[in-house]
Chemist: 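Before I ask anything, let me first share the structure, which is written out below as structure tokens.
Chain A is the first sequence line, chain B the second, and so forth, proteins listed ahead of strands; every chain is numbered from 1. Since the model is a prediction, treat every value here as computed from it, not as a measurement.
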Amino acid sequence: MSFNHREIEKKWQEYWLEKKTFKTNTFSEKEKVYALDMFPYPSGAGLHVGHPEGYTATDIFSRMKRMQGYEVLHPMGWDAFGLPAEQYALDTGNSPKEFTAKNIATFKRQIQELGFSYDWDREINTTDPNYYKWTQWIFTKLYEKGLAYMDEVAVNWCPALGTVLANEEVIDGKSERGGHPVVRKPMKQWMLKITAYADRLLEDLEDVDWPESIKDMQRNWIGRSEGAEVTFKIDGFEESFTVFTTRPDTLFGATYAVLAPEHPFVEKIVTNDHKEEVEGYLNKIQTKSDLERTDLAKEKTGVFTGAYAINPVNGEKMPIWIADYVLMSYGTGAIMAVPAHDERDFEFARKFELPITEVVTGGDVSKEAYTGDGVLVNSGFLNGLNKNAAISKMIEWLEENNNGSRKITYRLRDWLFSRQRYWGEPIPIIHWEDGTMTAVPETDLPLELPTMTEIKPSGTGESPLANSDWVNVVDPETGMKGRRETNTMPQWAGSCWYFLRYIDPDNPNQLADPKALQEWLPIDIYIGGAEHAVLHLLYARFWHKFLFDIGVVPTKEPFMKLFNQGMILGEGNEKMSKSKGNVVNPDDIVVSHGADTLRLYEMFMGPLDAAVAWSTNGLDGARRFLDRIWRLMITEDGKPSEKISDKINPTLEKVYHETVKKVTEDFENLHFNTGISQMMVFINEGYKAEYLTKEYVEGFIKMISPVAPHIAEELWSRLGHSETISYEPWPIYDETKLVDKEVEIVIQIMGKVRNKLKVSKDISKEELEKIALEDDKISDLLEGKTVRKVIVVQGKLVNIVAN
RNA sequence: GCGGGUGUGGCGGAAUUGGCAGACGCGCUAGACUUAGGAUCUAGUGUCUUCGGACGUGGGGGUUCAACUCCCUCCACCCGCACCA
């Protein structure tokens, strides 16, 4: 008889909820472990089989840690602001609030049916005013410190969505959501000065235990480059312009300069005889979308302005060109071109027949740009130096002669923080009629979203909030009129600090009690999808560092250890998608196979970080394993098996202790697939054994309980226990039980296995060598050969070199 | 192009101070039980083989008594970035 998963899963889920089994004691005396999942956006589609993968991993970790005597914080919540709810509201006329509430209810039911050990008293929701009060509060602090500011920036305007998108929400010139076209448009926007934290965001990556690939992605995103700024006078003008270069050593080889098409000097310096050509070029560029600009980038384009810059180091005249391979958004929007030692400049110079002067030896600059190290030539006082020495010396020269200085530039830009949307946290700022601007005082927070019947975007770029009376305010003291900021925050805002609120979720007076934060931070393990490798994780680190600076949190970094779960693909090894019809719904699996089976299967599929295809056969196999456990321990009529005895069964002793060791270590390291396979080995041995030792059976149930908690609780209670298994002490292993008195030794001749012998584990090297050489089979094989050398590895093998 | 990663049976995957390649699961084969089995149990299952053995971890080369593991080189695929000066 197999177990009835529908009955027992329901039974234990109700038990846990009712008894608040997983309630966390904030100020417990125990050592603390904080295991965090990336909270989900509760979409209308409901839970996907990908969600439970990471959630099961942290749940296993949490459950094991509780049994090992730790106080565990393991919470769940909802990242519930965002575009889909608003889009749905626009399409159907329904309220995003109700829609969101409904989706959350579905997600919560689904998650609870999977038996995760969350403390539901700490559930949070980013759209709850009691929560976003503190999101807004953090914003006002950023504003006070000058880290939130308004700026006129060319933004990604998406006419179809009626909103501005962040760079990262634009993929190949189209909106990430919906794939609508995006154009550049200058608008006044709120920005957060994340660049002020660039160096610390980079440096502190050294302190965290994250996958190297994620750290690298963040490093590349921040994109720190060291170099110098060099100022160039323009022949015949008062003005000068500045370029950024990582290769100041090549300044003698700079033969022309290039300004970005958007550079403010372009119109000023263009000579009359080139005006027409330049304007034509600018027009062509401006009507191109970003996408087309990238597409056409294979062929470099540009025009000469007629103006000349003076190379400060040798006084030579350098023609100033305009080209769209120079980006206004990086560095200063202007470059010195050194075609001999930069591939892009080389290509451009070739096309427009500009001079190419070699200044670093080592390549053949008549064929291609040489970017490597070498000895400087044609470079006055730099001649004879190598690259690094020349860089230092040139910077010295520039600083002494007031022509430039050392400079560090980042690829990272400030964070475009405002959205022209209804369904987001209102930015708590009031614009007064006298032109000033103030933050909403803390006592007036939260600044709640008004209920609106019509939330269509105005189309002009303002958010739907502009259509509400809510925008109008009057200062009660001075009577001055004002208008509220109508922009709202991006979806990233709420997820930048949610992990802090779990620690003290109901605190009305502060974001969280500092004493409680001190207890729980930093987070011990954070698991989620790799799609958040840069944005969420970088933004959250930025806010955390800011909160650290203003004394709100006690740690520099929020997430000590990070892990990315892999994707679960469809059976055909393709991404699951509605259109392919290969989506697996967790609800169906819970009904057909049970939550324990789903959890077990997802953990057994492969390494946690690998992308693995779903397999219905594999799922059946997981269920079969649970049935085997059940049948081994429970009789047909539901009683404990008579095979279970108080006696120690020596044939199970070693495999039991091995299993405890391997499972404990593997779970600690998130190697669930191998830990589970060891438990399968134990059950296989259990079937072969004449009788089962009760201690081993109970130890096994404890070890399977983090993976398959419902069946474990049921077995535990049927074996006569009245309390939950959740806080039973985790089994420990005895090192002395892991080694046999006899070990099998491999005998090799020339590295090939020729025989295997059982010998006592304490045998000496000399004895082992003797036994090996005297073995019948081996001596036969060695006949007529000379033994040259014998390598003995104690307890493992003997390799005989003979020919 | 740059950065990171992966490559092992029919399939998912094990195996790292270099020491028995293929644990465990799926699938498959045979047998047992059975009216029946897409249930369960038992045994087998890398390839080739003249049954001695030979070969085998993407290809080629190297170091070593010994290489999935270390080094060189090439190939394929995946992820991220992409004119970042």
Chemist: Please measure how far the C1' atom in B/C20 lies from the corresponding atom in B/U69, and state the result in whole Å.
Modeler: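 Taking atom C1' in both B/C20 and B/U69, they lie 15 Å apart.
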
Chemist: Distance between the C1' atoms of B/G18 and B/G12, in whole angstroms?
Modeler: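 It comes out at 27 Å once rounded to the nearest Å.
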
Chemist: From CE of A/M567 over to P of B/C78, roughly how many Å is that when rounded to an integer?
Modeler: 12 Å

Chemist: According to the Watson-Crick and G-U wobble definitions, with both distances under 3.5 Å, which nucleotide is paired to B/C48?
Modeler: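 Per the H-bond distance test, B/G53.
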
Chemist: To the nearest angstrom, how far is A/M603 atom CE from B/C26 atom P?
Modeler: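 Between P of B/C26 and CE of A/M603: 18 Å.
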
Chemist: I need the CG-P distance between A/D627 and B/U40, as an integer number of Å.
Modeler: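 Atom-to-atom, A/D627 to B/U40, this comes out as 8 Å.
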
Chemist: What is the base-pairing partner of B/G37, counting Watson-Crick and G-U wobble geometry with both distances under 3.5 Å?
Modeler: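 When the pairing criteria are applied, nothing turns out to pair with B/G37, so the answer is none.
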
Chemist: Before we go on, tell me: are the rings of A/F232 and A/F241 under 6.0 Å apart, centre to centre?
Modeler: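 Here the rings of A/F241 and A/F232 have centres that are less than 6.0 Å from each other.
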
Chemist: With P as the reference atom in both, quote the distance from B/C68 to B/G22 in angstrom, rounded to an integer.
Modeler: 12 Å

Chemist: Syn or anti for B/G52? Use the chi torsion, O4'-C1'-N9-C4 for purines and O4'-C1'-N1-C2 for pyrimidines, with syn inside 90° of 0.
Modeler: syn

Chemist: Which is more 5' along RNA chain B, the nucleotide nearest A/V534 or the one nearest A/Y330? Just name the residue.
Modeler: A/V534

Chemist: Say you pick atom P in B/G37 and the same atom in B/U45; how far apart are they, in whole Å?
Modeler: 26 Å

Chemist: In whole angstrom, give me the gap between the C1' atoms of B/G13 and B/U17.
Modeler: 24 Å

Chemist: Determine the Euclidean distance between corresponding P atoms of B/C11 and B/C48; express it in Å to zero decimal places.
Modeler: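 Going atom to atom, P in each nucleotide, I get 15 Å.
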
Chemist: Going through the checks in order, is the salt bridge (charged side-chain N to carboxylate O under 4.0 Å, His left out) test met by A/E636 and A/R631?
Modeler: CA-CA 8 Å; A/E636 282 290 314; A/R631 280 198 313 270; over 6 Å; no

Chemist: Nearest whole Å is fine: how far is B/C83 P from A/K351 NZ?
Modeler: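 Answer to the nearest Å: 17 Å.
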
Chemist: Counting the atoms with a prime plus P, OP1 and OP2 as sugar-phosphate, which does A/T246 contact under 4.0 Å by heavy atoms, base, sugar-phosphate, or nothing?
Modeler: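 It contacts sugar-phosphate atoms only.
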
Chemist: Mark up nucleotides 2-25 of chain B, 5' to 3', with B wherever a protein heavy atom is under 4.0 angstrom from a base atom, S wherever such an atom reaches only the sugar-phosphate, and - elsewhere.
Modeler: -SS-------BSS----BB--BBS

Chemist: Distance check, rounded to the nearest 0.5 Å: A/I322 atom CD1 versus A/L259 atom CG?
Modeler: 6.5 Å

Chemist: Centre of A/F604's six-membered ring, under 6.0 Å away, within 45 degrees of the axis: is that where NZ or CZ of A/R623 sits?
Modeler: no

Chemist: Hey, does the Lys NZ or Arg CZ of A/R541 hover above the aromatic six-ring of A/W210, less than 6.0 Å from the centre and inside 45° of the axis?
Modeler: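 Yes - A/R541 lies over the ring of A/W210, closer than 6.0 Å to its centre and within 45° of its axis.
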
Chemist: Using atom C1' in both nucleotides, what's the gap between B/A23 and B/C70 to the nearest angstrom?
Modeler: 25 Å

Chemist: My understanding is that a pair needs two contacts under 3.5 Å, Watson-Crick or G-U wobble. By that rule, which nucleotide pairs with B/A30?
Modeler: B/U42

Chemist: For B/G1, which nucleotide is its Watson-Crick or G-U wobble mate, given both distances must be under 3.5 Å?
Modeler: B/C81

Chemist: Would you mind pulling out the nucleotide paired to B/U17, Watson-Crick or G-U wobble, both distances under 3.5 Å?
Modeler: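 Pairing partner, where one exists within any strand: none, as none qualifies.
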
Chemist: Between B/U63 and B/A67, how many Å separate the two P atoms, rounded to a whole number?
Modeler: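 Going atom to atom, P in each nucleotide, I get 12 Å.
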
Chemist: Begin with the C-alpha distance, continue with both residues' side-chain angles, and end with the deciding distance and a verdict on salt bridge (charged side-chain N to carboxylate O under 4.0 Å, His left out) for A/K765 and A/E767.
Modeler: CA-CA 6 Å; A/K765 270 193 164 186; A/E767 280 176 281; over 6 Å; no

Chemist: Can the positive tip of A/R411 be found less than 6.0 Å from the middle of the six-membered ring of A/Y330, inside 45° of the ring normal?
Modeler: no

Chemist: Taking a pair as Watson-Crick or G-U wobble with both distances under 3.5 Å, which nucleotide is matched to B/A23?
Modeler: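 The answer is none; no pair meets the criterion.
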
Chemist: Just the atom pairs and distances: protein N or O near nucleotides 43-53 of chain B's N or O, under 3.5 Å.
Modeler:
none

Chemist: Quick check on the 6.0 Å ring-centre criterion: do A/F348 and A/W321 meet it?
Modeler: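 Yes - the distance between ring centres of A/F348 and A/W321 falls below the 6.0 Å cut-off.
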
Chemist: State whether A/Y325 and A/K300 meet the cation-pi test: NZ (Lys) or CZ (Arg) under 6.0 Å from the six-membered ring centroid, and within 45° of the perpendicular axis.
Modeler: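 Yes, A/K300 lies over the aromatic ring of A/Y325.
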
Chemist: Determine if the base of B/G46 is syn or anti; take syn to mean the glycosidic torsion is within 90° of 0.
Modeler: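 The base of B/G46 is oriented anti (glycosidic angle more than 90° from 0).
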
Chemist: Figure out the CD/C1' separation between A/E574 and B/C78, and round it to whole Å.
Modeler: 15 Å

Chemist: Taking the nucleotide of RNA chain B with the closest heavy atom to each, which residue, A/T245 or A/D620, is nearer the 5' end?
Modeler: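 Final value for this comparison: A/D620.
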
Chemist: Pick base, sugar-phosphate or nothing for A/S329, based on heavy-atom distances below 4.0 Å to the nucleic acid.
Modeler: nothing

Chemist: What do the steps show when you test A/H341 against A/D249 for side chain to side chain donor-acceptor pair (under 3.5 Å), and what is the final call?
Modeler: CA-CA 10 Å; A/H341 306 292; A/D249 58 315; over 6 Å; no

Chemist: For the side chain to side chain contact (heavy atoms under 4.5 Å, CB included) test, which of A/I791, A/V790, A/V787, A/I749 pairs with A/V801?
Modeler: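 Going through the options one by one, the only one that passes is A/I791.
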
